[in-house]
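For the numbers below, each heavy atom of this structure counts, side chains included, while hydrogens, waters and symmetry mates do not. Numbers restart at 1 for each chain; the letters A, B, ... are given by sequence-line order, proteins then strands.
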Amino acid sequence: MSLEHSEQEIIRREKLKAFETQGINAYPADEYPVNAYSMDILKNFETQPESYQEVCVAGRIMSQRIMGAVSFYELQDAYGRIQVYTKRDEICPDEDKSLYNLVYKKLDIGDIIGVKGFVFITQMGEITIHVKEFTLLSKSLRPLPIVKQTEEKTYDAFTDPEQRYRMRYLDLIVNPHVKETFIQRTKIINEIRNYYNEQGYLEVETPVLQSIPGGAAARPFVTHHNALDIPLYLRIANELYLKRLIVGGFDGVYEFSRNFRNEGMDRTHNPEFTCMELYVAYKDYQWMMHSVEVLIERISVTLHTTTKIQVGDAVIDFKTPFARVSILDAIHQHTGFDVSAMNENQLRDVCNQLKIETDESMGVGKLIDEIFSETCEHHYIQPTFIMDYPIEMSPLCKRHRSNPKLTERFELMVNGKELANAYSELNDPIDQRNRFEEQLRLLEKGDDEAMYIDQDFLRALEYGMPPTSGVGIGIDRLVMFMTNSPSIQDVLLFPQMKPEKQIAVAKDEEFEKIGVSKAWIPAIRQLGIQTITDLKATSDTKLFNDLNGLRKKMKLEIDALQLDEVKSWLKNK
RNA sequence: GUUUCAGUAGCUCAGCUGGUAGAGCACAUCCCUUUUAAGGAUGGGGUCCUGGGUUCGAAUCCCAGCUGGAACACCA
């Protein structure tokens with residue numbers, strides 16, 4: 001009897017033992033000479049059957065239909081599923097039918113096998129591998145969630161989000177669309193890489209561990225470097241490092257940056273996420289807008305062969321050019337207020353009229369941002385560049401060429417969400433120092449998102465950075481749009497989850513080892529004490545009282561415990 | 001963090017006006033030589049998330065906790 005295994009698991013372990021006694025290694029080391037894949041066979045068999053007379057395919061058994069001396073299994077390999085047909089008397093030509101009866105028929109859903117044979121079409125019209133020989137490649141000890149489907153319907157889909165995310169391997173096995181999403185994710189990243197490489201930009205790697213978490217406004221994760229005895233931060237952005245490289249003379253650099261932000265989690269936020277950042281010398285944000293829209297359109301066409309894609313209830317058209325609207329125009333358009341010339345008090349008044357909550361720490365920039373996100377953001381379903389943000393909101397962005405209160409910045413909004421953020425980068429070191437100092441003042445005012453000052457970055461700017469435009473594209477969100485995934489967890493292979501609680505249970509022998517008599521073990525478990533550690537953490541008198549109390553209550557036929565006995569259990573480590 | 005919903009067999013779920021835990025798939029044994037969400041027969045399988053409370057009696061009602069989802073908040 002086993003506490004930790006279900007009936008089905010026990011049966012599978014017994015099968016494993018039975019295979020061993022029959023001389024079958026359930027986990028062989030040998031290379032298996034796969035020479036064909038399910039999708040390839042299904043696609044090409046009818047036009048070139050001669051190529052599939054000796055195939056060797058490996059995969060996981062996903063369904064079994066055993067009909068006496070004949071059986072049909074479905075094998076799933078990396079590209080799909082294919083049916084295999086096995087006839088007892090072919091794999092067991094002699095009197096001894098045990099290879100079929102005691103091995104092949106005993107295989108389970110989830111086992112990984114290899115088959116050699118030829119491809120044919122059944123009476124039902126299904127392309128199938130006729131098995132001449134099979135090899136067990138890996139025995140599965142846990143039952144797989146069984147998902148069955150016809151063309152139009154799926155039965156008993158494995159849907160519990162917690163289990164899907166915690167056990168992504170299972171999700172990938174039984175939910176084929178999940179695999180497709182992650183294939184598309186990689187295609188998107190490859191497409192971006194191709195696009196930039198074609199233009200001669202250099203993919204680089206910059207520090208993830210930073211001593212000053214700069215380049216964005218967010219709370220960082222802190223860690224500690226023992227040898228240097230300093231705190232280090234997981235990067236919240238890589239922007240300042242890429243700009244240093246532009247100072248260093250690269251013309252264009254980009255990085256797919258895994259960023260870490262110690263903030264809330266929800267449908268669109270994960271503590272670690274991927275942002276692609278690109279910096280190109282001698283360009284401005286107008287150029288960058290064009291570059292971004294061309295890229296996004298290209299990704300859509302590569303993935304879907306069209307610029308129009310379904311995202312939730314909306315159809316989004318990524319056909320260039322995308323709409324462009326300044327943030328102040330957007331606010332004017334959606335609220336009727338012209339906030340372009342307003343000071344802090346006037347903006348607060350507008351917020352009150354619009355029933356937007358404000359607090360003391362908010363400056364002009366933040367107030368405008370607040371008005372925009374409350375009243376405008378959700379209107380931009382189709383891709384739209386929102387441009388020319390107020391200067392207070394953008395401490396790393398160059399002042400607007402025609403209005404010193406604004407910056408040359410744009411955000412790309414899609415489906416009411418920000419997808420990209422770009423600047424004509426601030427390269428005036430004196431202005432940059434002032435802006436950082438302004439951030440410092442905000443910090444003192446209580447704005448905990450204000451940026452830290454990176455002195456080395458300022459020094460780099462003082463050596464001179466060419467006019468540069470930079471962009472950050474949220475890769476996870478882009479993938480969400482492109483794959484119509486409603487949650488960021490659907491586009492991250494292993495989204496962050498609270499760790500599972502391990503319910504440790506000590507074996508009876510472990511209790512006996514420290515001197516607990518067998519009769520008392522069930523009573524101890526009854527008290528909710530399942531490990532030696534738990535037991536040792538309980539005071540001797542409490543244990544003594546509880547156990548004797550239990551003895552009385554449950555009328556246990558054991559001699560009453562002596563306190564000394566309890567003490568002896570807890571004595572040594 | 002707040003609100004709200006959910007947690008029952010390996011999976012999907014029913015049971016929730018308190019009274020002996022159920023179905024389908026999966027699993028086991030048997031029948032079946034081209035089947036297909038195969039079929040037929042029989043059978044096994046449960047810490048009803050955990051801990052308290054109310055009650056003669058709790059999967060069911062109440063409280064607390066754990067985990068997850070959704071919305072909001074925070075945050076790009």
K.L.:
Which residues satisfy the side-chain hydrogen bond (donor to acceptor under 3.5 Å, both in side chains) test with A/Y104, sequence neighbours excluded?
P.N.:
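Listed in chain order: A/T86.
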
K.L.:
Identify whether any heavy atom of A/R409 sits under 4.0 Å from a base atom; if not, whether one sits that close to sugar-phosphate; answer base, sugar-phosphate or nothing.
P.N.:
base

K.L.:
Choose from B/C74, B/A37, B/U67 the nucleotide whose nearest atom is closest to any side-chain atom of A/E162.
P.N.:
B/U67

K.L.:
Any carboxylate oxygen within less than 4.0 angstrom of a Lys/Arg side-chain nitrogen, looking at A/K179 and A/D171?
P.N.:
no

K.L.:
Would you classify A/T159 as touching base, sugar-phosphate or nothing, given that sugar-phosphate means primed atoms plus P, OP1 and OP2, and contacts are heavy atoms under 4.0 Å?
P.N.:
sugar-phosphate

K.L.:
side-chain hydrogen bond (donor to acceptor under 3.5 Å, both in side chains) with A/K243: which residues, sequence neighbours excluded?
P.N.:
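Listed in chain order: A/E239, A/E425.
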
K.L.:
Side chain of A/R65, heavy atoms from C-beta onward: which of B/U34, B/A38, B/G69 has the nearest atom to it?
P.N.:
B/A38

K.L.:
I'd like to know if A/Q83 reaches the base of B/U35 with its side chain such that a donor and an acceptor end up less than 3.5 angstrom apart.
P.N.:
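Under the 3.5 Å cut-off, the side chain and the base do form a donor-acceptor pair.
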
K.L.:
Taking atom C1' in both B/G22 and B/G45, compute the distance separating them and give it to the nearest angstrom.
P.N.:
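After rounding to an integer number of Å, I get 13 Å for this pair.
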
K.L.:
So, is A/R267 close to the B/A71 phosphate, meaning a side-chain N or O under 4.0 Å from OP1 or OP2?
P.N.:
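The answer is yes; a side-chain N or O of A/R267 sits under 4.0 Å from OP1 or OP2.
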
K.L.:
Specify the separation, in whole Å, of atom CD of A/E74 and atom C1' of B/U34.
P.N.:
15 Å

K.L.:
Can you check the A/R219 CZ to B/C74 C1' distance for me, whole Å?
P.N.:
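Atom CZ in A/R219 sits about 7 Å away from atom C1' in B/C74.
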
K.L.:
Might you list the N or O atoms of the protein lying below 3.5 Å from N or O atoms in nucleotides 2-5 of chain B, with each pair's distance?
P.N.:
none

K.L.:
Return no unless some side-chain N or O of A/R164 is found under 4.0 Å from OP1 or OP2 of B/G69.
P.N.:
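It does not, given that no N or O in the side chain of A/R164 lies less than 4.0 Å from OP1 or OP2 of B/G69.
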
K.L.:
Among B/U35, B/U33, B/U67, which is the nearest nucleotide to the side chain of A/R166?
P.N.:
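So the nucleotide nearest the side chain must be B/U67.
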
K.L.:
Could you tell me how far apart A/M124 (CE) and B/U34 (P) are, to the nearest whole angstrom?
P.N.:
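To the nearest whole Å, that distance equals 12 Å.
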
K.L.:
Please report, rounded to the nearest Å, how far the P atom of B/U67 is from the CE atom of A/M265.
P.N.:
12 Å

K.L.:
For the P atoms, the ones on B/C49 and on B/C13, what distance do you get once it is rounded to whole angstrom?
P.N.:
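To the nearest whole Å, 15 Å.
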
K.L.:
Could you list the residues that satisfy side-chain hydrogen bond (donor to acceptor under 3.5 Å, both in side chains) with A/Q163, not counting sequence neighbours?
P.N.:
A/D160

K.L.:
Please figure out whether A/D89 or A/S63 has its closest RNA chain B nucleotide nearer the 5' end.
P.N.:
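Result of the comparison: A/D89.
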
K.L.:
If I take atom CG in residue A/D160 and atom P in nucleotide B/G7, what distance separates them, rounded to the nearest angstrom?
P.N.:
11 Å

K.L.:
Which base, if any, makes a Watson-Crick or G-U wobble pair with B/G45, both distances under 3.5 Å?
P.N.:
none

K.L.:
What integer distance in Å separates A/Q496:CD from B/U67:C1'?
P.N.:
15 Å

K.L.:
Going by ring-ring contact (aromatic ring centres under 6.0 Å, His included), name the residues that satisfy it together with A/H379, two or more places apart in sequence or in a different chain.
P.N.:
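A/H379: ring-ring contact (aromatic ring centres under 6.0 Å, His included) contacts with A/H334.
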
K.L.:
Are side-chain N/O atoms of A/Q382 and A/Y380 paired as donor and acceptor at under 3.5 Å?
P.N.:
no

K.L.:
Where each residue is assigned the nucleotide of RNA chain B containing its nearest heavy atom, which of A/E370 and A/F120 is assigned the position nearer the 5′ end?
P.N.:
A/F120

K.L.:
Atom CD of A/Q123 and atom C1' of B/A38: how far apart are they, to the nearest Å?
P.N.:
15 Å

K.L.:
Over 60° means perpendicular and under 30° means parallel, so classify the ring planes of A/Y389 and A/F372, tilted if in between.
P.N.:
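Geometry flag for A/Y389 against A/F372: perpendicular rings.
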
K.L.:
With C1' as the reference atom in both, quote the distance from B/A59 to B/A9 in angstrom, rounded to an integer.
P.N.:
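It comes out at 14 Å once rounded to the nearest Å.
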
K.L.:
Can you confirm whether the side chains of A/R65 and A/S71 place a donor and an acceptor under 3.5 Å from each other?
P.N.:
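No, no side-chain donor-acceptor pair sits under 3.5 Å.
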
K.L.:
Please report the distance separating the C1' of B/G18 from the corresponding atom of B/C5, rounded so that it comes out in whole Å.
P.N.:
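The answer is 23 Å between these two C1' atoms.
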
K.L.:
Rounded to whole angstrom, note down the C1' distance from B/U47 over to B/A41.
P.N.:
33 Å

K.L.:
Using the P atom in both, what is the distance from B/G40 to B/A58, to the nearest Å?
P.N.:
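Pairwise P distance, B/G40 against B/A58, rounds to 39 Å.
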
K.L.:
Applying side-chain hydrogen bond (donor to acceptor under 3.5 Å, both in side chains), name anything that partners A/T206, two or more places apart in sequence or on another chain.
P.N.:
A/R235, A/E255

K.L.:
What's the gap between B/C48 and B/G7 when it is taken at their C1' atoms, as a whole Å value?
P.N.:
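Rounded to whole Å, the distance is 10 Å.
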
K.L.:
Listing request: all salt bridge (charged side-chain N to carboxylate O under 4.0 Å, His left out) pairs with a residue in residues 378-393 of chain A, at least two apart in sequence or in separate chains.
P.N.:
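Not a single pair qualifies under salt bridge (charged side-chain N to carboxylate O under 4.0 Å, His left out).
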
K.L.:
Is there a Watson-Crick or G-U wobble partner for B/G1 with both distances under 3.5 Å, and if so, which one is it?
P.N.:
B/C72

K.L.:
Base, sugar-phosphate, or nothing for A/D266, non-hydrogen atoms under 4.0 angstrom?
P.N.:
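Base contact - A/D266 has a heavy atom under 4.0 Å of at least one base atom.
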
K.L.:
Just call it for A/K87: base, sugar-phosphate, or nothing, with non-hydrogen atoms closer than 4.0 Å on any strand.
P.N.:
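A/K87: base contact, heavy atoms under 4.0 Å.
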
K.L.:
Can you tell me the Watson-Crick or wobble partner of B/U67, both distances under 3.5 angstrom?
P.N.:
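WC or wobble partner is B/A6.
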
K.L.:
Backbone N or O of A/S487 within a donor-acceptor pair of the A/R267 side chain at under 3.5 Å?
P.N.:
no

K.L.:
Quick test of your reading: applying ring pair (Phe, Tyr, Trp, His ring centres under 6.0 Å), list the pairs with at least one residue in residues 152-178 of chain A, sequence neighbours left out, ordered by first then second residue.
P.N.:
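Qualifying pairs: none.
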
K.L.:
Only pairs with both distances under 3.5 Å count, Watson-Crick or wobble alike; so what is the partner of B/A23 in this structure?
P.N.:
B/U12

K.L.:
Please give the distance between the C1' atoms of B/U20 and B/A6 as a whole number of Å.
P.N.:
27 Å

K.L.:
Please report the distance, rounded to the nearest Å, between CG in A/D171 and P in B/C11.
P.N.:
14 Å

K.L.:
If you look only at pairs with a residue in residues 367-377 of chain A, which of them pass as a salt bridge (charged side-chain N to carboxylate O under 4.0 Å, His left out), with sequence neighbours excluded?
P.N.:
none

K.L.:
Students often get this wrong, so: under 4.0 angstrom with heavy atoms, is A/F158 touching a base, only sugar-phosphate, or nothing?
P.N.:
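Here A/F158 touches the backbone only, sparing every base.
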
K.L.:
Using a 4.0 Å heavy-atom cut-off to protein, can you give one letter per nucleotide of nucleotides 23-32 of chain B, 5' to 3': B if the base is in contact, S if only the sugar-phosphate is, - if neither?
P.N.:
-BSBSSS--B

K.L.:
Looking only at side chains, do A/S140 and A/D111 share a donor and an acceptor under 3.5 Å apart?
P.N.:
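Short answer, no.
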
K.L.:
What residues from residues 479-494 of chain A pass a heavy-atom cutoff of under 4.0 Å to RNA chain B?
P.N.:
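Contacting residues: A/Q489.
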
K.L.:
List for me each residue that meets ring-ring contact (aromatic ring centres under 6.0 Å, His included) alongside A/Y254, sequence neighbours excluded, and say none if there are none.
P.N.:
A/Y196

